[in-house]
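Report on one structure; see the data block that follows.
Order of listing sets the numbers, starting from 1, for every ligand and every atom in it.
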Amino acid sequence: MTEPDAIVRARLRAVPKVDVLARHDALSPARRSQGDAAIVRAAREVTAAIRRAVLDGGEAPSLDEAVRAVLASLDAARMARVRRVINGTGVLLHTNLGRAPLSSSAAARAADVGRGYDALELDLATGGRGRRGAFVEHALTTLTGAEAALVVNNNAAAVLLALTALASGRGVIVSRGELVEIGGGFRVPEVLARSGARMIEVGTTNRTRLADYERALDEHPDVAVILSVHPGNFRISGFTEQPSLSEVARLAEARGKWLVDDLGGGALLDLRELAGLEGEPVVAERVKAGAHLVCFSTDKVLGGPQGGAIVGRAELLAAVRRDPLARALRLGPMPTAALEATLEHYLVGELDAVPVLAMMRQPADDVRRRVEGWQAALAERGVAVMVVACEGRVGGGTFAEEPVPSYALRIACETLGADDLARRLRLGEPAVLPRIVEDAVLVDGRTVLDGEDAALLDAIVAAMTPRS
Ligand SMILES: *Cc1c(COP(=O)(O)O)cnc(C)c1O
């Protein structure tokens, strides 16, 4: 045995044993909060890492250091839990932050249904089987003028289901200008391929004419569906052309084909009138323009829980419902309850109860006054910040570039760079996600929800206070 071998062996013997490490007293609180299996797993990973480091010529750490490594690994696992974040980005529908926050009654209804049994599929009048989502369907048809509706897990699921049910094994015509990728890897050609339909591209990236659709219909007798996709998160400008939805609808009608509209956003009301936001189509108008089915997210501008709605012709929705995929993609009871409550706000006109609508509608001056209030409160606690005008966005694949005028706290720290300060805010309790603009940390007031003010100020003070 050579000398280095002997040293390595001695060091390997000094590596803490998994069971000794896992049973260490300092891990008792973690054992109570996270369970024994997680501790043993972390201890196993830490000892394996130490052993690898020793074989690479490193020293074995002390037992205390190994315990700290176990705690760090447990912390890292817990950090990955879903938890509340204060949204200081100014992006109202932030896909990485769970999109739309729920109204308090929507959140309360979801929690109430989650805690008990519910009549999700029971008709209480007859005691027989009822239909999941019947009220949501009733509300959506009332609000959109469509004959029928169905909700599933998200809009990607809605589009996949609609195409599978109507066009599997047949052709689907889509304009090349609409072959887009929406955030989160939703690519129209891939979803189409998954549905079992054959994609027939027409037109060019910037220009598609009605005649392009007509020619494709002449050439491909197996076409079942014309798909229209609203590319909300990107714009082609300049030399462009795309027939209106009603023109395409008339063509589809004349040729006995179905027009499916992937609308994305799902505005139930005219957001131009409501909030001065241009360019987001209203579901009811798409139905009126002649789309046979319209698919949209319930957690984008609609402002509800994650879900995807399909509204349109009753006979088509009957076919969609019969497809086995419908069962696989169905919405659970908690989001169903939250969506019901959200739609009830629309039915009775309580628009400011829906947080996304309230945030869109809030005048910039109101945001400024609120942010100035934070500035004053922080000054009293010895933290100096500035108030600056800024621009937020709606986000969520809608109005991608449409700026939403707003105001923000501009936070700077003498000892920390913007990235470090932002990191501290993210890792604080509660977590705060700011925006970094030109090396400054901004907390946009528009997306900080009612009731989060005190927690936000505490989090800023904590992030600015040097740790000893
Ligand atoms: C957002 C969007 C989708 C995906 O919807 P999810 O609810 O995120 O699944 C699909 N199509 C369009 C046009 C969209 O804007």
**Report entry** Under 3.5 Å: N/O of Ala157 near N/O of ligand 1
**Finding:**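 For ligand 1, there is no N or O atom that lies under 3.5 Å from one belonging to Ala157.
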
**Report entry** Selection residues 243-283 - residue pairs positive for ring pair (Phe, Tyr, Trp, His ring centres under 6.0 Å), sequence neighbours left out
**Finding:**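 Residue pairs with at least one partner in residues 243-283: Trp258-His292.
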
Query - Working for salt bridge (Lys or Arg N to Asp or Glu O under 4.0 Å), residues Arg131 and Glu121 - result: CA-CA 5 Å; Arg131 183 140 109 213; Glu121 291 189 358; over 6 Å; no

Quick one: which ligand 1 atoms are inside 4.0 Å of a heavy atom on [X]?
| X | answer |
| --- | --- |
| Arg99 | 6 (P), 7 (O), 8 (O) |
| Ala156 | 4 (C), 5 (O), 6 (P), 9 (O) |
| Ser297 | 5 (O), 6 (P), 7 (O) |
| Gly264 | 12 (C), 13 (C), 14 (C), 15 (O) |
| His230 | 13 (C) |
| Phe186 | 10 (C), 11 (N) |

Report task. Tell me, please: is Asp262 in heavy-atom contact with ligand 1, that is, under 4.0 Å? Result ->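 Per 4.0 Å heavy-atom rule, Asp262 contacts ligand 1.
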
Query raised in the report: With a 4.0 Å cut-off on heavy atoms, does Lys300 reach ligand 1?
Result: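 Within the 4.0 Å threshold, so yes.
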
Query raised in the report: Where do Arg426 and Leu433 land on the side chain to side chain contact (heavy atoms under 4.5 Å, CB included) test, with the steps shown first?
Result: CA-CA 6 Å; Arg426 289 198 309 274; Leu433 186 66; 3.6 Å; yes

**Report entry** Pair listing, side-chain hydrogen bond (donor to acceptor under 3.5 Å, both in side chains) test, anchored in residues 438-450, at least two apart
**Finding:**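 Residue pairs with at least one partner in residues 438-450: Ser406-Asp444.
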
Query raised in the report: Testing Gln375, Arg369, Arg368 for side chain to side chain donor-acceptor pair (under 3.5 Å) with Glu372, which one passes?
Result: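 Running side chain to side chain donor-acceptor pair (under 3.5 Å) over Gln375, Arg369, Arg368 with Glu372 returns exactly one hit, Arg368.
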
**Report entry** For the student: nearest non-hydrogen atoms of Ala326 and Leu161, plus distance
**Finding:**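 Here Ala326 and Leu161 meet closest at N-CD1, 3.6 Å.
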
Query raised in the report: Using heavy atoms and a threshold below 4.0 Å, how should the contact between Asn155 and ligand 1 be classified: side chain, backbone, both, or neither?
Result: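 Both backbone and side chain.
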
Query raised in the report: Thinking salt bridges, do Arg255 and Glu214 make one under a 4.0 Å N-O criterion?
Result: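 Glu214 and Arg255: not salt-bridged.
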
